[in-house]
Amino acid sequence: MKKDKTSKYQIKTILSILWPPSSILKQFISIFLFKHLIKWKYFYKWLFKYSLKTIPVAAGAWGMGCIGYPPHPVWEVTNACNLNCIHCHAAGGKPAKDELTTEEGKKLIDEIANMKGFKTLVYSGGEPIMRPDIIELLNYSKKAGLINIIATNGILITEEMAFKLKQSGVFCVAVSLDSSDSNIHNSIRKHPDAFYKAMRGIKNAAKAGILIQINTTAMEYNFETLGKLLEMGEDLGTGIYLMYQLVPVGRGNKIEDASLKVNKNEKLLKFLAEKQKNISAIVEPVAGPQYWPYLLEKNNKTSSFWRFIAERVFFGCAAGRGFIYIKANGDVWPCPFVEVNAGNIREQSLEYIYKNSTVLNNLRDRENTLKGKCKTCKYRKMCGGCRGRAWAYTGDYLAEDPSCFLNNTEE
């Protein structure tokens with residue numbers, strides 16, 4: 001009986017995101033352009049194997065970008081975590097004393113559900129499964145009509161928990177996996193069994209019928225193993241990869257030397273474009289918005305015509321441009337790497353902050369607010385530079401991206 005209810009919920013959800021048709025049309029235009037630029041050999045395998053599963057996760061996306069689609073709230077539900085990862089932007093550990101209560105969380109969910117274009121809610125942390133009321137919150141957002149996604153280290157996803165998540169409206173489990181080499185992953189996560197338990201969690205989620213997404217943070221420590229990791233994901237049934245780059249915030253500022261500088265940023269994005277050809281999952285870079293203009297340059301499609309098309313389906317850095325990050329205490333940031341407070345939901349509604357925050361509006365106005373090379377770059381509409389890197393290295397979220405390798409002179 002529960003399976004029938006879940007199935008009806010999934011069907012209803014899929015139908016709801018097909019409207020308006022223009023958003024789905026833009027998403028398919030973006031994926032076809034992506035296929036063309038990449039020369040994606042496994043596109044049709046993705047189309048038949050994963051496209052219907054990723055439609056609810058993309059949730060009527062406007063296009064492809066730093067995190068795939070702009071209308072995308074992430075809620076850091078708790079600072080509690082069972083790991084002590086060397087690069088954690090949240091520096092998770094014990095629960096914070098001022099985290100949103102269950103009732104405050106439900107009020108936030110209602111606000112998100114009533115905001116135009118917001119159809120998903122990503123639960124993050126810390127480790128979100130450590131929050132005692134997580135299933136209650138997931139069920140509440142499911143009832144509100146939102147598509148639930150949970151970002152986790154995977155350790156607590158037992159078979160029983162996997163099916164609970166499925167019944168609570170979780171369409172996608174994004175598990176952090178930093179290397180195909182268990183020793184490297186365990187070293188980064190500072191836990192001797194982190195790799196084994198993450199793999200177990202992935203298999204349990206897949207058994208429950210939840211789409212698997214793998215989140216990886218590329219850094220000097222794991223760079224040479226990323227190819228094998230992408231190949232390993234094929235065997236795990238991974239539908240989506242988010243390939244983050246280490247942005248030195250949180251604990252990451254203590255290992256700033258491990259972040260990818262200009263040459264390695266370029267090498268990573270070129271590697272992803274080459275690797276994408278022969279795998280069926282979609283790989284999207286995070287903190288590497290130069291990917292999209294790089295694909296145009298690689299294919300000699302830099303004319304104003306091709307830029308006009310690409311600017312409408314590739315969005316580059318999404319910080320504040322639909323993507324918002326809600327901290328455990330209700331502070332609203334443009335993204336987890338831009339540690340600039342746009343307001344707090346205990347003081348103002350999320351919708352008011354979203355529409356009226358000077359910080360968020362500055363990030364949306366790329367034509368007039370960006371500085372340095374990003375201001376004059378011909379690709380600023382489809383890239384915009386990584387605002388997180390700008391913030392981490394300069395203390396100015398509107399400064400030029402110090403890791404950019406593009407020939408970006410304005411025409």
Side-chain angles (χ1 to χ4, degrees), residues 30-51 53-54 57-58 63-68 172 174-182 184-185 188 195 198-199 202 211-246 258-301 310 313-314 316 382-383 386 403-406:
S30 70
I31 202 68
F32 276 104
L33 179 57
F34 182 66
K35 168 190 175 293
H36 173 70
L37 295 174
I38 289 287
K39 300 178 175 58
W40 191 7
K41 297 176 184 177
Y42 279 59
F43 168 74
Y44 291 104
K45 183 178 179 181
W46 169 84
L47 189 66
F48 292 111
K49 188 175 182 179
Y50 293 119
S51 62
K53 291 182 179 179
T54 57
V57 177
M64 300 177 75
C66 179
I67 45 78
C172 176
V175 179
S176 298
L177 203 59
D178 289 316
S179 179
S180 57
D181 185 319
S182 60
I184 294 176
H185 178 81
I188 291 171
F195 183 84
M199 293 291 285
I202 288 171
L211 178 69
I212 303 300
Q213 174 179 309
I214 288 180
N215 290 354
T216 302
T217 300
M219 58 186 106
E220 293 290 350
Y221 302 144
N222 63 358
F223 194 89
E224 300 304 323
T225 68
L226 296 179
K228 289 184 178 180
L229 177 62
L230 293 177
E231 293 166 9
M232 187 176 75
E234 289 288 282
D235 298 329
L236 295 173
T238 305
I240 306 169
Y241 285 96
L242 290 189
M243 186 63 71
Y244 289 74
Q245 290 190 42
L246 173 63
S259 64
L260 306 184
K261 305 306 187 289
V262 175
N263 291 340
K264 274 290 180 72
N265 177 31
E266 180 178 10
K267 184 177 180 181
L268 175 66
L269 298 185
K270 289 181 176 180
F271 157 77
L272 293 181
E274 191 61 31
K275 202 69 181 177
Q276 180 73 78
K277 293 179 183 179
N278 297 305
I279 60 175
S280 55
I282 292 179
V283 185
E284 291 199 59
V286 178
Q290 293 83 13
Y291 192 49
W292 314 108
Y294 162 70
L295 292 179
L296 292 186
E297 291 192 346
K298 181 175 181 286
N299 288 273
N300 296 315
K301 298 188 183 301
V313 293
F314 297 147
M382 79 176 81
C383 172
C386 175
S403 65
C404 182
F405 59 88
L406 296 171

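Scanning all heavy atoms of the two residues, the minimum distance from Gly239 to Leu211 falls at CA-CD1, 4.1 Å. Contact record, Cys404 with Val262: O-CG1, 3.8 Å, taken as the closest heavy-atom pair. Closest of all the heavy-atom pairs between Ile38 and Tyr291 is CD1-OH, 3.5 Å. Residues Leu33 and Ala310 come closest through the heavy atom pair CD2-CA, 4.2 Å. Across Leu268 and Gln245, no two heavy atoms sit closer than the pair CD2-CG, 3.6 Å. When every heavy atom of Cys386 is checked against every heavy atom of Pro289, the shortest pair comes out as N-CG, 3.5 Å.
Side-chain N or O atoms of Tyr294 include none that pairs as donor or acceptor with a backbone N or O of Ala273 at under 3.5 Å. Checked by atom type and distance alone, the side chain of Gln213 never pairs as donor or acceptor with a backbone atom of Cys172 at under 3.5 Å. No side-chain donor-acceptor contact under 3.5 Å links Asn215 to the backbone of Tyr244. The main-chain N or O of Leu177 is found under 3.5 Å from a side-chain atom of Thr216 such that the two form a donor-acceptor pair. Side chain of Gln290 to main chain of Gly316: no donor-acceptor pair is present (N/O by atom type, distance under 3.5 Å, no hydrogens or angles). Of the possible polar contacts, none joining the Lys41 side chain to the Lys39 backbone as a donor-acceptor pair under 3.5 Å is found.
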#### Entry: Candidate pair Asp178 and Tyr221, rule side-chain contact (heavy atoms from CB on, under 4.5 Å), full reasoning
CA-CA 9 Å; Asp178 289 316; Tyr221 302 144; over 6 Å; no
### Query
Does the side-chain contact (heavy atoms from CB on, under 4.5 Å) test come out yes or no for Leu236 and Ile214, once each step is laid out?
CA-CA 10 Å; Leu236 295 173; Ile214 288 180; 4.3 Å; yes
### Message
Could you go through Leu230 and Phe271, starting from their C-alpha distance and side-chain angles, then the distance that decides it, and tell me whether this counts as side-chain contact (heavy atoms from CB on, under 4.5 Å)?
### Response
CA-CA 11 Å; Leu230 293 177; Phe271 157 77; 4.0 Å; yes
### Query
Can you check side-chain contact (heavy atoms from CB on, under 4.5 Å) on Lys270 and Lys298, steps first, answer last?
CA-CA 9 Å; Lys270 289 181 176 180; Lys298 181 175 181 286; over 6 Å; no
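Looking at Leu272 and Pro285, their side chains come closer than 4.5 Å, going by heavy atoms from C-beta outward. In this structure the side chain of Phe405 reaches within 4.5 angstrom of the side chain of Leu269, judged on heavy atoms. Under the 4.5 Å side-chain criterion, counting only non-hydrogen atoms from C-beta, Lys35 is in contact with Tyr44. Under the 4.5 Å side-chain criterion, counting only non-hydrogen atoms from C-beta, Met382 is in contact with Pro293. Counting heavy atoms from C-beta on, the side chains of Lys301 and His36 come closer than 4.5 Å. By the 4.5 Å heavy-atom criterion applied to side chains, Asn222 and Leu229 are not counted as neighbours. Proximity of Phe314 to Leu37: side-chain heavy atoms (C-beta onward) are separated by under 4.5 Å at one or more points. Between Leu260 and Ser403 the shortest side-chain heavy-atom distance does not fall below 4.5 Å.
More than 12 heavy-atom neighbours from other residues, nucleotides or ligands sit within 6.0 angstrom of CZ on Phe223. Dense packing is recorded around NZ of Lys277, with more than 12 heavy atoms of other residues, nucleotides or ligands lying under 6.0 Å away.
For the atom pair CD (Glu231) and NZ (Lys228), the distance works out to 8.5 Å, reported to the nearest 0.5 Å. Atom CE of residue Met219 and atom CD1 of residue Ile188 lie 4.0 Å apart, to the nearest 0.5 angstrom. With values rounded to the nearest 0.5 angstrom, Leu406 atom CG is found 8.0 Å from Glu266 atom CD. The OG atom of Ser179 sits 8.0 Å away from the CE atom of Met232 when rounded to the nearest 0.5 Å. Between atom CZ of residue Phe34 and atom CG of residue Leu295 there is a gap of 6.5 Å, rounded to the nearest 0.5 Å.
Ring orientation note: the planes of Trp46 and Trp40 are tilted relative to one another, at an angle of 30° to 60°.
Shown here are the side chain to side chain contact (heavy atoms under 4.5 Å, CB included) partners of Lys49, two or more places apart in sequence or in another chain: Lys45. Scanning for salt bridge (charged side-chain N to carboxylate O under 4.0 Å, His left out) contacts around Glu224 gives an empty result, with sequence neighbours left out. Considering only residues two or more places apart in sequence or on other chains, Phe195 meets the ring-ring contact (aromatic ring centres under 6.0 Å, His included) condition with His185.
Inspection of the Ser280 and Glu234 side chains reveals an N or O donor paired with an N or O acceptor under 3.5 Å.
Checked against a 6.0 Å centroid threshold, the rings of Phe43 and Phe32 count as neighbours.
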